[in-house]
Amino acid sequence: MIVNNSGFKCHDIFSHKIKEDIITELHVEIDDTNDLGQAHKKISLLEEKIKQEIPVVSKTIIHLDEPSEILYDTTDITYKSNELIKILIIF
Ligand SMILES: [Zn+2]
């Protein structure tokens, strides 16, 4: 949702916990792939925003993708995350 609110589309979001670090990896669609300097600038700002809004994330790895026409539906599941965690622990 942070990515979407920043005007980008993303997919394949994974978070890994390695020892005490939470590393988040995602693909972000960006139309500046022919100008890597520009793309890097935008993505660095996005990384900062993610770290600010989710302080438990210690590292963000963002893969740059060409823009696609695919639309991903997102839903904020924060309010039911405790319920989800309980279900996941059972499995
Ligand atoms: Zn991708």
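This one's a predicted model, so the numbers in the text were calculated from it and none came from an experiment. For ligands, and for the atoms within them, numbers begin at 1 and follow the listed sequence. Positions are given from 1, in the same order as the sequence printed here.
Taken to the nearest 0.5 Å, the CD1 atom of Ile43 stands 9.5 Å off from the OG atom of Ser6. The NZ atom of Lys9 sits 15.0 Å away from atom NE2 of His27, with the distance rounded to the nearest 0.5 Å. We find the CD1-CD distance between Ile2 and Gln52 to be 9.5 Å, quoted to the nearest 0.5 Å.
No donor-acceptor contact under 3.5 angstrom links the side chains of Thr24 and Thr60, judged on distance only.
In the hydrophobic clustering (ILVMFWY side chains linked at under 4.5 Å, chained through shared members), Ile61 is joined by Ile18, Ile23.
Side chain of Ser58 to backbone of Ile22: a donor-acceptor contact under 3.5 angstrom is found.
Around the Zn ion (ligand 1), protein N, O or S atoms at less than 2.8 Å number 3.
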